[in-house]
Amino acid sequence: MVDQARPVVLLLARIAVGVIFLVHGYQKFATMGIAGTTKFFESVGIPLAGLAAPAVAVLEIAGGLALILGVALPVAGALLALDMIGAIVFVHGANGLAGEGGYEFVLALAAASLAVGFTGGGAFALDRALGRRRGTAPAIA
């Protein structure tokens, strides 16, 4: 029964985590705007905020889509986890784990990104449909 549920559970996890990142990346363009996101990044001390703001917005949109589709999962999962570590270091860390502005949600997103990114994505992942399953790809000479 667990083996039968695994592909569906992985799909649901990929979609849930992917949609969260997709929406957060979209907000950086549409709601706050890149200029507003850049100002916020500057205010919290993120280096090279003018480059970091659009890079993070694109990463969250592209990474979210990658998780949803099940493509390039290890890369997307690792990059999104690094994104969340940056959010902890620059924004949420000083507020503690729980409470107003705490990092519990950001930490959960980092862990979920890694978990989803390194599970292989399940039967409904685009990588699997394209024959790029972990450990089964032919070696490049």
Side-chain angles (χ1 to χ4, degrees), residues 2-141:
V2 171
D3 288 338
Q4 293 171 337
R6 183 181 173 91
V8 174
V9 170
L10 288 171
L11 174 65
L12 294 174
R14 286 193 350 253
I15 291 171
V17 176
V19 165
I20 291 168
F21 278 108
L22 183 64
V23 169
H24 280 259
Y26 175 77
Q27 285 177 325
K28 287 175 179 65
F29 281 112
T31 305
M32 295 174 66
I34 291 300
T37 303
T38 300
K39 275 188 175 184
F40 173 73
F41 278 22
E42 287 171 347
S43 76
V44 295
I46 295 175
L48 302 170
L51 294 173
V56 166
V58 168
L59 168 62
E60 290 176 356
I61 289 172
L65 286 172
L67 294 183
I68 292 166
L69 297 172
V71 65
L73 289 172
V75 172
L79 289 174
L80 290 169
L82 288 173
D83 177 30
M84 293 299 94
I85 291 168
I88 292 169
V89 169
F90 289 103
V91 181
H92 300 279
N95 299 320
L97 179 63
E100 185 71 29
Y103 63 88
E104 72 279 2
F105 179 64
V106 180
L107 181 62
L109 283 175
S113 298
L114 290 173
V116 168
F118 288 91
T119 59
F124 302 112
L126 189 56
D127 272 350
R128 186 174 179 108
L130 297 173
R132 294 191 302 228
R133 286 177 273 173
R134 224 174 0 131
T136 61
I140 298 174

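Rounding to the nearest 0.5 Å places CD of Gln27 at 10.5 Å from CG of Leu22. Atom CZ of residue Arg14 and atom CG of residue Leu12 lie 9.5 Å apart, to the nearest 0.5 angstrom. Atom CG of Leu97 is separated from atom CD1 of Ile88 by 9.0 Å, given to the nearest 0.5 angstrom. The distance from atom CD1 of Ile20 to atom CG of Leu80, rounded to the nearest 0.5 Å, is 11.5 Å. Taking CZ of Phe21 as the start and CG of Leu65 as the end, the distance is 12.5 Å to the nearest 0.5 Å. Atoms CG and CG, on Leu114 and Leu82 in that order, are 8.0 Å from each other to the nearest 0.5 Å.
Closest heavy-atom contact between Leu73 and Gly121: CD1-CA, 3.4 Å. Taking all atoms of both residues into account, the shortest heavy-atom contact from Gly45 to Phe90 is O-CE2, 3.4 Å. Heavy atoms only, all atoms of each residue included: Val91 and Asn95 are closest at O-ND2, 3.6 Å. Scanning both residues, Gly70 and Ala125, for their nearest heavy atoms gives O-CB, 3.6 Å. Nearest heavy atom pair, residue Ala72 against residue Asp127, reads N-OD2, 2.9 Å.
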Evaluate Ile34 against Thr38 for side chain to side chain contact (heavy atoms under 4.5 Å, CB included), listing each step before the verdict.
CA-CA 6 Å; Ile34 291 300; Thr38 300; 3.9 Å; yes
All N/O donor-acceptor pairs, side-chain side in residues 46-61, below 3.5 Å, sequence neighbours left out:
unit_1: Glu60; atom_1: OE1; unit_2: Gly25; atom_2: N; d: 3.3
unit_1: Glu60; atom_1: OE1; unit_2: Lys28; atom_2: NZ; d: 2.8

Show me, pair by pair, the donor-acceptor contacts under 3.5 angstrom made by side chains of residues 101-113, not counting sequence neighbours?
unit_1: Ser113; atom_1: OG; unit_2: Leu109; atom_2: O; d: 2.7

